[in-house]
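Since the structure comes first, as structure tokens, the remarks are kept for the end.
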Amino acid sequence: MARISLTPRRTLTLRLAEWYSRRAYGEVLQPALAMGHHPRVLRSYFSFESKVARWKALDPALKLLAEMASAVTIGCSWCVDFGHWHADRLGLPLEKVSKVPDWRAHQESFTELERLVMEYAEAMTATPPAVTDELAESLRRRLGDPAFVELTTMVAVENLRSRTNSALGLHSQGFSDACAIPPGSGVPGGAG
């Protein structure tokens with residue numbers, strides 16, 4: 001159960017956020033409802049996320065794997081649930097995405113670069129961060145500087161999302177229910 005009411009005062013900002021959310025995602029995102037208690041935070045966050053969505057140096061599949069690995073490390077079931085929905089919209093294989101929570105046990109399902117990206121996301125998400133020079137250099141060489149900077153920043157953005165959602169007590173909203181999540185995926189709200 002959320003630690004804050006998901007029925008904030010219906011300001012113009014909240015009504016616009018609800019309209020956009022329904023149009024883009026089919027329902028109102030709970031993080032938007034929580035942030036609706038502070039309309040300036042909601043407006044600023046929406047502006048920030050819309051700018052982040054325009055970054056295109058990093059392959060979308062790698063970006064999603066990094067976000068998922070970070071969300072899993074933090075334990076944000078809302079972000080993992082939404083990540084499956086987003087992966088489905090990107091056309092990524094859900095069977096593969098469902099293995100992110102335990103990717104080390106399923107290394108054969110991921111390329112070397114994908115494994116490095118998830119390892120980097122976990123290392124960045126650790127407290128304190130545990131990124132090594134070797135790991136960073138390996139990714140920088142493979143991705144190039146712009147994509148490496150985007151990867152690093154995307155992991156930080158996912159930390160913001162996941163830590164905020166977890167602290168607010170937001171849990172799976174059922175987005176993965178709209179996907180064909182394989183049984184036993186460990187995704188709250190998914191089959192299995």
Side-chain angles (χ1 to χ4, degrees), residues 1-53 55 60 63-90 92 94 97-103 118 121-122 124-127 129 153-192:
M1 179 168 198
R3 294 183 177 113
I4 188 166
S5 166
L6 298 180
T7 55
R9 191 168 54 87
R10 293 192 40 78
T11 62
L12 177 60
T13 298
L14 180 63
R15 290 193 312 268
L16 288 171
E18 288 173 332
W19 171 83
Y20 176 80
S21 187
R22 279 191 194 96
R23 188 172 143 248
Y25 309 109
E27 62 183 283
V28 179
L29 302 181
Q30 291 175 354
L33 293 172
M35 288 181 201
H37 289 283
H38 194 309
R40 282 189 179 164
V41 168
L42 179 57
R43 281 192 303 272
S44 297
Y45 187 76
F46 175 78
S47 174
F48 172 71
E49 284 286 1
S50 66
K51 290 172 183 158
V52 167
W55 299 344
K63 188 180 300 190
L64 182 109
L65 291 174
E67 291 169 325
M68 292 286 289
S70 181
V72 166
T73 300
I74 290 169
C76 180
S77 66
W78 194 96
C79 294
V80 172
D81 176 50
F82 187 78
H84 276 83
W85 179 88
H86 190 224
D88 190 45
R89 295 310 174 271
L90 289 173
L92 301 177
L94 292 175
V97 173
S98 70
K99 293 177 181 174
V100 171
D102 196 23
W103 67 268
M118 290 184 290
E122 289 177 350
M124 260 190 77
T125 302
T127 304
T153 307
M154 282 311 305
V155 173
V157 168
E158 186 55 43
N159 268 259
L160 168 67
R161 294 170 182 152
S162 290
R163 291 180 188 281
T164 299
N165 293 342
S166 292
L168 292 173
L170 303 180
H171 300 283
S172 173
Q173 192 172 334
F175 280 98
S176 61
D177 294 344
C179 309
I181 302 290
S185 67
V187 177

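Note that the structure is predicted; figures quoted are calculated from it, not measured. Below, each value reflects all heavy atoms present in this structure, side chains not excepted, and no hydrogens, waters or symmetry copies.
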Can you find a pair of side-chain heavy atoms, one from [X] and one from [Y], that are under 4.5 Å apart?
X    : Y    : result
L65  : W103 : no
L170 : L6   : yes
L14  : L33  : yes

Measuring from [X]:[atom1] to [Y]:[atom2], what's the distance to the nearest 0.5 Å?
X    : Y    : atom1 : atom2 : result
S166 : W78  : OG    : CH2   : 11.5 Å
S70  : M118 : OG    : CE    : 13.0 Å
H171 : C79  : NE2   : SG    : 12.0 Å
N165 : Q30  : CG    : CD    : 9.0 Å
N159 : T153 : CG    : OG1   : 12.0 Å
M68  : H84  : CE    : NE2   : 4.5 Å

If the condition is side chain to side chain donor-acceptor pair (under 3.5 Å), which residues does [X] pass it with, not counting sequence neighbours?
X   : answer
T7  : S5
T13 : R43
S47 : K51

Ignoring hydrogens, what is the shortest heavy-atom contact between [X] and [Y]? Give both atom names and the distance.
X    : Y    : value
G83  : L64  : O-CD1, 3.6 Å
G174 : D81  : N-OD2, 2.9 Å
I74  : S162 : CD1-CB, 3.6 Å
P60  : L90  : O-CD1, 4.2 Å

Note to self: Would the distance check show the side chain of R10 and the main-chain N or O of R15 forming a donor-acceptor pair, the cut-off being under 3.5 Å?
What the structure shows: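 A pair under 3.5 Å: no.
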Notebook entry, point to check: Does the S77 side chain pair with the main chain of S172, one donor and one acceptor, at a distance under 3.5 Å?
Noted result: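 The answer is yes, because a donor-acceptor pair under 3.5 Å joins these two groups.
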Notebook entry, point to check: Who pairs with R9 by salt bridge (Lys or Arg N to Asp or Glu O under 4.0 Å), at least two apart in sequence or on another chain?
Noted result: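 Once residues adjacent in sequence are excluded, R9 has no partner under the salt bridge (Lys or Arg N to Asp or Glu O under 4.0 Å) criterion.
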Next item on the list: Carefully, step by step, assess V72 and E122 under the rule side chain to side chain contact (heavy atoms under 4.5 Å, CB included).
Entry: CA-CA 9 Å; V72 166; E122 289 177 350; over 6 Å; no
Quick one: side chains of residues 19-29, donor-acceptor pairs under 3.5 Å with protein atoms, not counting sequence neighbours, listed by atom name and distance.
from : atom 1 : to   : atom 2 : distance (Å)
S21  : OG     : E27  : O      : 2.8
S21  : OG     : L29  : N      : 2.9
E27  : OE1    : Q173 : NE2    : 3.0

Notebook entry, point to check: Restricting to pairs with a member in residues 155-171, which pass salt bridge (Lys or Arg N to Asp or Glu O under 4.0 Å), not counting sequence neighbours?
Noted result: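 As it turns out, the salt bridge (Lys or Arg N to Asp or Glu O under 4.0 Å) pairs with a partner in residues 155-171, which skip direct neighbours, are E49-R161, E67-R161, E158-R161.
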Notebook entry, point to check: So F48 and Y45, would you call those rings parallel, tilted or perpendicular, with 30° and 60° as cut-offs?
Noted result: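 It falls in the tilted class, 30° to 60°.
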